[in-house]
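Okay, so here's the structure we're looking at.
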Amino acid sequence: MPHYALEITLTRPLSPAALHRVARKLPLAVNHDATRLMALVPAKTPHRAARRLRHRLENQLPIDVITTHYPDADHKVLLNLAFPPTVHAALTAQARHKGQSPERLIELAVHRAVAEHTGQEIDRLDRAMRGLLAHTTPTNFISAVGHVLTRLPESAR
């Protein structure tokens with residue numbers, strides 16, 4: 001059976017004692033401030049792995065989101081969210097009204113939000129570059145960009 005690397009984002013940092021209690025039941029890798037954890041979960045599919053992990057830990061950890069750590073063949077990352085009952089009911093009703101599954105409704109909303117953010121980032125960069133080009137030539141600008149890019153630390157590339 002395959003194993004899936006899952007990342008758990010917590011709503012608040014874990015105390016060392018709480019982390020120790022959970023880690024005795026399931027080996028976990030922890031980030032520096034104990035707000036993100038990694039686990040390997042055996043399952044037939046990533047969906048089942050995330051569901052299994054949430055079911056196993058939801059009463060022991062303040063879980064916000066569980067995601068697959070590695071994108072799938074379509075470059076997608078699975079998000080496993082748990083909504084309060086009232087939010088879940090509203091989401092289900094809205095999805096039914098639109099003739100979609102709740103999962104598809106959320107997927108489309110996330111895609112719209114990412115596209116909007118990407119557009120805003122492109123606009124911001126466009127304005128910044130126009131401001132820089134107002135004070136130099138395109139040749140000098142490209143030379144400066146090349147100079148900066150060749151000196152970036154490996155972690156920033």
Side-chain angles (χ1 to χ4, degrees), residues 1-14 18-129 142 145-157:
M1 183 176 303
H3 284 68
Y4 295 92
L6 301 176
E7 184 170 346
I8 306 163
T9 303
L10 303 175
T11 58
R12 60 178 165 72
L14 280 183
L19 181 59
H20 181 69
R21 273 193 307 276
V22 174
R24 286 189 319 200
K25 297 177 184 174
L26 178 70
L28 298 167
V30 185
N31 75 330
H32 70 283
D33 64 357
T35 57
R36 292 170 56 196
L37 313 172
M38 290 289 298
L40 282 177
V41 180
K44 290 183 179 178
T45 68
H47 292 276
R48 286 185 180 180
R51 199 168 38 243
R52 181 176 293 159
L53 182 63
R54 182 174 291 279
H55 185 265
R56 188 169 180 186
L57 298 177
E58 68 187 342
N59 294 324
Q60 301 168 47
L61 295 175
I63 298 173
D64 188 18
V65 179
I66 296 175
T67 62
T68 48
H69 186 65
Y70 299 108
D72 64 14
D74 296 323
H75 307 288
K76 293 183 178 180
V77 173
L78 173 74
L79 293 176
N80 177 281
L81 308 166
F83 295 109
T86 54
V87 173
H88 188 269
L91 180 64
T92 301
Q94 185 178 6
R96 191 177 302 122
H97 176 72
K98 292 187 175 196
Q100 300 172 335
S101 69
E103 293 82 8
R104 181 69 177 151
L105 188 71
I106 290 173
E107 181 181 9
L108 292 172
V110 168
H111 281 280
R112 280 192 304 274
V114 169
E116 183 179 333
H117 174 75
T118 301
Q120 291 170 350
E121 180 69 0
I122 289 169
D123 290 345
R124 183 189 68 77
L125 291 172
D126 184 58
R127 287 188 305 276
M129 291 192 51
I142 294 296
V145 168
H147 181 80
V148 168
L149 290 177
T150 59
R151 285 160 181 76
L152 284 178
E154 197 63 35
S155 61
R157 292 184 197 175

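When reading the values below, keep in mind they use all heavy atoms of this one structure, side chains included, and skip hydrogens, waters and symmetry mates. One is the number of the first residue; the rest follow in order along the sequence.
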Look up atom [atom1] in [X] and atom [atom2] in [Y], then write down how far apart they are to the nearest 0.5 Å.
X	Y	atom1	atom2	answer
Leu91	Glu103	CG	CD	8.5 Å
His88	Leu81	NE2	CG	10.5 Å
Tyr4	Leu78	OH	CG	10.5 Å
Asn80	Leu6	CG	CG	8.5 Å
Ile66	Glu7	CD1	CD	11.0 Å
Leu28	Leu61	CG	CG	7.5 Å

Nearest heavy-atom neighbours spanning [X] and [Y]:
X	Y	value
Thr68	Pro46	CG2-CB, 3.8 Å
Asp33	Asn31	OD1-ND2, 2.8 Å
Lys44	Pro2	O-CG, 4.3 Å
Val30	Ala34	CG1-CA, 3.6 Å
Arg54	Val65	NH2-CA, 4.2 Å

Task: Pairs meeting criterion salt bridge (charged side-chain N to carboxylate O under 4.0 Å, His left out) with involvement of residues 86-101, two or more places apart - done: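 Listed by first then second residue: nothing to list.
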Open item on the list: Looking at Tyr70, I'd like to know if its OH atom is crowded, meaning that more than 12 non-hydrogen atoms belonging to other residues, nucleotides or ligands lie closer than 6.0 Å.
Closed with: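 Atom OH in Tyr70 is not packed in, count stays at 12 or less.
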Review item, side-chain donor-acceptor pairs of residues 106-117, under 3.5 Å, at least two apart:
from   : atom 1 : to     : atom 2 : distance (Å)
Glu107 : OE1    : Arg104 : NH1    : 3.2
Glu107 : OE2    : Lys76  : NZ     : 3.3
Glu116 : OE2    : Gln120 : NE2    : 3.3

Open item on the list: Between Arg52 (side chain only) and Val41 (backbone N and O only), is there a donor and an acceptor less than 3.5 Å apart?
Closed with: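 Looks like no, no N/O pair under 3.5 Å.
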- [ ] Please answer whether the main-chain N or O of Leu26 pairs with a side-chain N or O of Arg56 as donor and acceptor at a distance below 3.5 Å.
- [x]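 Here the side-chain-to-backbone pair does not exist.
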TODO: Evaluate the criterion side chain to side chain contact (heavy atoms under 4.5 Å, CB included) for residue pair Val145 and Val148; output intermediate values, then yes/no.
DONE: CA-CA 5 Å; Val145 168; Val148 168; 5.9 Å; no
Open item on the list: If we count only N and O atoms by modelled type, under 3.5 Å, do the side chains of His147 and Arg151 hold a donor and an acceptor together?
Closed with: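 Checked: His147/Arg151 side chains pair up, N/O donor to acceptor below 3.5 Å.
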Task: Counterpart residues, side chain to side chain donor-acceptor pair (under 3.5 Å), relative to Arg124 (two or more places apart) - done: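 Counting only residues at least two positions away or on another chain, Arg124 forms a side chain to side chain donor-acceptor pair (under 3.5 Å) with Glu121.
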